[in-house]
Structures are given as C-alpha cells and as structure tokens.
There are 2 protein chains.
Amino acid sequence: MAIRPADQIVHKAAWLYYAHGLRQDQVAQQLNISRASVAMYLRKARETGIVNISTSTQLFTDDVTAREIEDAFGLDAVWIAPHGDHVDPAAEVPVLAASVFLQLVGKGDKIGVAWGQTVYAIADVMAYADLQDVTVVQLCGNLGAPFAYRPDQCTMEIARRLNAKGLNFYAPLVLSTEGLAKDLRSEPVIREQLAGISECDLALYSIGTVDAGSHVVKCGALTSDEMDALRREGAAGVVAGQIIDNKGALLDCSYNRRCISADLASLRAIPKRLVVVQEENKFEPLLAGLAGGLCTHLVINAAMARRLLDHAKAANRRKAS
Amino acid sequence: MAIRPADQIVHKAAWLYYAHGLRQDQVAQQLNISRASVAMYLRKARETGIVNISTSTQLFTDDVTAREIEDAFGLDAVWIAPHGDHVDPAAEVPVLAASVFLQLVGKGDKIGVAWGQTVYAIADVMAYADLQDVTVVQLCGNLGAPFAYRPDQCTMEIARRLNAKGLNFYAPLVLSTEGLAKDLRSEPVIREQLAGISECDLALYSIGTVDAGSHVVKCGALTSDEMDALRREGAAGVVAGQIIDNKGALLDCSYNRRCISADLASLRAIPKRLVVVQEENKFEPLLAGLAGGLCTHLVINAAMARRLLDHAKAANRRKAS
DNA sequence: CGGTCAAATTGACTTTTGTCAATGGTCGTG
DNA sequence: CACGACCATTGACAAAAGTCAATTTGACCG
C-alpha cells in the first residue's frame, strides 16, 4: 500500500517522536502545527501500525509448567496466562494470544483464521500493525448468525488490524443436503479457496464444545438434540466448524459431510497452528484437538494448564503399570 | 536467556501497561508498589527490549528517487533520509539506518558488523530489542585506536542493544608483515571466525574514504603518504578495513595482504548487505562499493541520492551515444 | 459568490507520566 | 553487632501528554 499524502504528516510526526525521541511540542514546532494535532497524529500512527509497540511474551513461556506441557504433548510452544491476580482475568488469555499471534506472523505470510468468541476476542484486543504483504484467509464457510464472532467478521477484523489483505469465504458453513455441499465444494471459487488453505504459514483457531452451549448450536447450524445425538456417536470437539472425535479425527456424520470448511489434513499441513482456549469446559475438546495433531502452539490459562498436565501424568502412570 | 527473578516484576509491569493498556497508577495498585517504581520499571523494560517500539521506515523507501536508485544499481532496497528540515540533519541517517537494520534482523540470524564512525553512530541510536538467539560477529580485525568506533566496540554495542551474543575478533586488523598475517589467518580460532562470515544473514557496514581523513589513517594503520601512494595505484574506498579499487575489487597491495578481515567473496555471500553512507565525501568510495556488488540495501541522505542518480543517468547517456 | 457542512485544527484545561531528593532496607565489613 | 556504602523505593513536584469544546479551513453546491 502506497502512503497516501495525508499519511505523510502522520508518519513524519511518528518518526520525529518515536525514532528521534523529540517531545510533542518539539515535533509540533518542527511541523508547524499545534501540539494537539501532534497528539492526534500519534494516536493515528499507533492505530494504523505506523508505529508498533510490542511486549515480549517470554514471561509466559518461561515457566516449568509450560515446558512440561510442551514435552508431554509434543508441542512447539506453550504460553500460560497466570490466573487473575489482576483486574480482568477473562481478558488475559485473549491479550496474551494476540501478542503471541503477532509474534508468530512473518513477512509475506498467509494466515488462516477460524471463528468463535475466543478468536473474536483476540482480534478485538490485537495491536495494529502494518504488514502490507500478509493475507488473512477464512478457514471455513460462513453462517448468518447475529453474533459478532462470525467467521467473516473474525477474518476481516484481524486483516484490518494487520493492514493485511482479507480473503473471505463466500459460502455457508453448513448446507441442508450432502449433495449440495459436494456441488458447492467443487465450484471453482470455493475449491480454490479450500485448496489454498494448506499453503498457509500460520493458523489461528479455538476449539469448540459439543454441548448445547456450542456455537454451532447457538448459531442454529445444529439443534441441541442433534448435538446430543452426535455426542453419543463420539463427537468430542469442534474445529473450524467441523466435529471431531476424541482422537481428533473428523467424525463420520451427515453434519460434517454437509460442511464447507478446511479439511483437517489441510490444517495439519500448516506449519504453525496456534490454538487458544479460554473456557473451563473446553478441556475435553482441547484434548481431542491435541490428539489429532491440530495444534503446534498453544495459549491457555493456568487452570487449564494444570488439568492438561495432570491428565498427561495420569496417562503415563497408566502406561507404566 | 532465562528471565531473572528481578526482571519478573519489570515484565509484569510492562505487560499490564503496554499489552493491557492500564495506566501507571493502576499497574502500581495491581503490583502493590508505588507509581514511581512503575515508571522506572517501564523505562527499564524499554531499555532491555522487553517492550519494543518501532516505527515504519516506509516513508523513506516510498519515494521515486529511492526506486530509481534501486533500478539503476540493481539494489534490493534504498532508504533516503530527507535533508535537515529538522533539528539535527546529521542524526537523520544513523537513526534511519538503525530502524532499517532492526527491521532487517530476523529470528536466529547471524549478523556481521564492520566498524567506523557511521556504524558506531548507528549503534548509539539503536533501539533496544530482545533477540536472544541472534549472534553479532565482528567482520574484521581490531585496532588499538583510542576511538569509540573501534571494531570490537561497534560489535559489542550492537550486541548489547539487541540482547544478542557478541562474537569478537581477537586479532589486529593489520600486521607488519605479510607472512605474519598469513600465519595468523591460518590459526584455527581466526580461520573459523573468517570462514563463518559467509554464513551471516545480514551485514552492516559503511564505506571509508582513501584520503588523509580515512579511519585507517587516523587509527595509524597507514600513514597519510602511504595512503596517497595507494590512491595513485587505484585505491577507491575502504570496506571492513580493506582497500578496494573503483570496480569494487580488492586492490592488489601489501596493505591488503597484511590485513585480517572478511574477504570480499564472503561478504558477497551474505544475502543482505546493508551499507550506510553519511558523509558528503564518500561518493566515490560508495560508487566503488556498489560496482563491486558489496551492497544490497542502502541508506543515504537526499544529497547523496541525487548524486548517485545523476551519475547513473550520465553513465546511461554515455552508453547510449 | 455566499451559504452550508464536515473535517481538520487549535487553545485551554485535565490527567497522566517523568524526575529526583529523601527515605528505608540490605548486605558486606570491621 | 554497629557502621557505612549501596541500591531499590517512594512522595511530592514538574513536565509532558491527552482531551474536548470552540473555531477555522476548505470543499461543495445552489
């Protein structure tokens, strides 16, 4: 993206202030404008990624528990948000995940983004950056739910924050018949988008539950009863709108066959798969995702970390005896 | 580098302030310390690279002249510092170069650094960062000059700023006999260091003049008269302590044979070669360096940019007629 | 032209941040 | 165990940054 003339002054102010370390009044004098304008330009510069402020997330990986989880589950990196010794414990995981995400993004990357409350919460607290050559693609079809965390919203908001190209997915997440889903999947536009997913450098998603509180239910893609039935058939979690069993494999069911979404093999082909889990009740879904190799980088809170580790230790003990 | 316990609190304060956007008094309350301490911790966090503030350098590449120079000389990227419409025009090039340099450094990189006033000026204004897995190596031997911009100083200062490992070069830049230089070059420690240079991902150097004002003369490696003689033999510039002719090739002379430094082929093997030139009188040396393919990324001021472009256009005209 | 409106800019005020001398605590030493 | 040197911490003040209503600018239109 070429710099628009109006941005020149913003850029210049940011440069004098942040790179040269001048004070706002000195910048104002330099540019022959009021200090109030400088303050405004600087805010704009921060909000457009002309200046980047990032804080190291070392503190959250540099922890025995995190290392143990990495070893136990064979992950590349784990970050643990400490439990709320401060204002808003619920905000900690998304804030951390947003930082981690920005740290994992590289120049020229293609990034796949799924959807959900967690993903949207991350997008919402993400710092602005100026990564013009980055592309953000939607990992799964859309649904017309009246929620802010719809797939297209998640993708677009993240693309906006990064100043990146957002590539939306113009198909419903789930169709009424398997035949229609198959036909739609082979439409050139859709097929290309699905095929391109495995070329991503980084993916971001959470893992959903398979109960009445699941987003798939709340958005009307499945009824509560249908979900119950699926759970009896082995449904353990939701990834990019699709239902997986406790081994992390795609569940063999009509719903999945009616879904338009990234297939799990494509997801696994993405070198960095950042999974972020917040809610207490996503323990089993997360285990399923981990078992299926759907995660390489993980952001969780301390309570979840504890449970994961206890689970791994118990499993080891069972194996040993 | 593991986080020391004393850094924990600094990290936490930085996290609450920069990532969560709390105010200093809120952070102080959270951590049960005074706001003054928070302010101090935050300064420390900035100075140790726990938080990174960087400003885009787009403005300086996004310019017709820069593009024209890229095309004319076949460079990967060119940044042009505008001439002093502000406080300290002399500071502009180093500040810009430092920003560009940080932008070019990647995770796990090995970086070669030469020496000189310019390089030291860059180190001196460089922001702090926390790139634990980066190595900074010295590109050429040392000299005992009483100047701050000695090769080892340049290397160490940059390593310190980046929180990276600094690898110094424990040999003199120039010896009294060719034989001794040859022997020293084949010492295992030295040989390894020289051999490792071509594995660098990024190099940073300026290009020196070949007159009485040259650093090689000022530091006593050559007398003014010897330098005059070399200039008559075709010396056109100095790169990493070695003398090049106007084609950018190593000049065939005793001095060069007595030098312990990165050979030019090794330098050319480094994918990103950032050359920074400040002083007016380095035009011819820079041309020599460009001719020798010693530069892929260039930071100069507007006046130098003008001269380069005029030169290239004149050369084209000569070719055409 | 003169009028209208939205957007940019500013002066004046408030809030937040930076600074530093004074304080208190810690550790090594005699 | 008393002493003093040293460093982290703090309270109080000064400096800088943020905010917002009021004003100016400039673009558009009848």
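Labels below follow one simple rule: chain letters A, B, ... track the order of the sequence lines, proteins then strands, and each chain is numbered from 1.
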Could you check which of [options] has an atom nearest any side-chain atom of [X]?
{"X": "B:Ala36", "options": "C:dC20, D:dT9, D:dA17", "answer": "C:dC20"}
{"X": "B:Met40", "options": "C:dT10, D:dT9, C:dT16", "answer": "D:dT9"}
{"X": "B:Gln24", "options": "D:dG18, D:dT19, C:dT17", "answer": "C:dT17"}
{"X": "A:Ala39", "options": "D:dT10, C:dT19, D:dT19", "answer": "D:dT19"}
{"X": "A:Ser34", "options": "D:dA17, C:dG11, C:dT17", "answer": "C:dG11"}
{"X": "B:Arg35", "options": "C:dG11, C:dT17, D:dT9", "answer": "C:dT17"}
{"X": "B:Tyr41", "options": "D:dA17, D:dT10, D:dT9", "answer": "D:dT9"}

Has A:Gln29 got more than 12 heavy atoms of other residues, nucleotides or ligands less than 6.0 Å from its CD?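 Not buried by this count: 12 neighbours or fewer within 6.0 Å.
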Specify the separation, in whole Å, of atom [atom1] of [X] and atom [atom2] of [N].
{"X": "A:Arg43", "N": "D:dA16", "atom1": "CZ", "atom2": "P", "value": "21 Å"}
{"X": "A:Asp25", "N": "C:dG11", "atom1": "CG", "atom2": "P", "value": "13 Å"}
{"X": "B:Ile9", "N": "D:dC7", "atom1": "CD1", "atom2": "P", "value": "20 Å"}
{"X": "A:Leu22", "N": "D:dA15", "atom1": "CG", "atom2": "C1'", "value": "16 Å"}
{"X": "A:Arg23", "N": "C:dT17", "atom1": "CZ", "atom2": "P", "value": "17 Å"}
{"X": "A:Leu42", "N": "C:dT17", "atom1": "CG", "atom2": "P", "value": "15 Å"}

Would you call B:Asp310-B:Arg306 a salt bridge at under 4.0 Å N-O?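 A salt bridge links B:Asp310 with B:Arg306.
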If only side-chain N and O atoms count, and only distance matters, is there a donor-acceptor pair under 3.5 Å linking B:Asn52 with B:Ser54?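 Result is no, nothing qualifies.
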Trace of the side-chain contact (heavy atoms from CB on, under 4.5 Å) decision for B:Phe60 with B:Val299: CA-CA 9 Å; B:Phe60 306 103; B:Val299 177; over 6 Å; no
Scan B:Ile33 against the nucleic acid and name what it touches under 4.0 Å (heavy atoms): base, sugar-phosphate only, or nothing.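 Touches sugar-phosphate only.
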Aromatic ring pairing B:His215/B:Trp115, orientation class (parallel under 30°, perpendicular over 60°, tilted between):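 B:His215 vs B:Trp115 ring planes: tilted.
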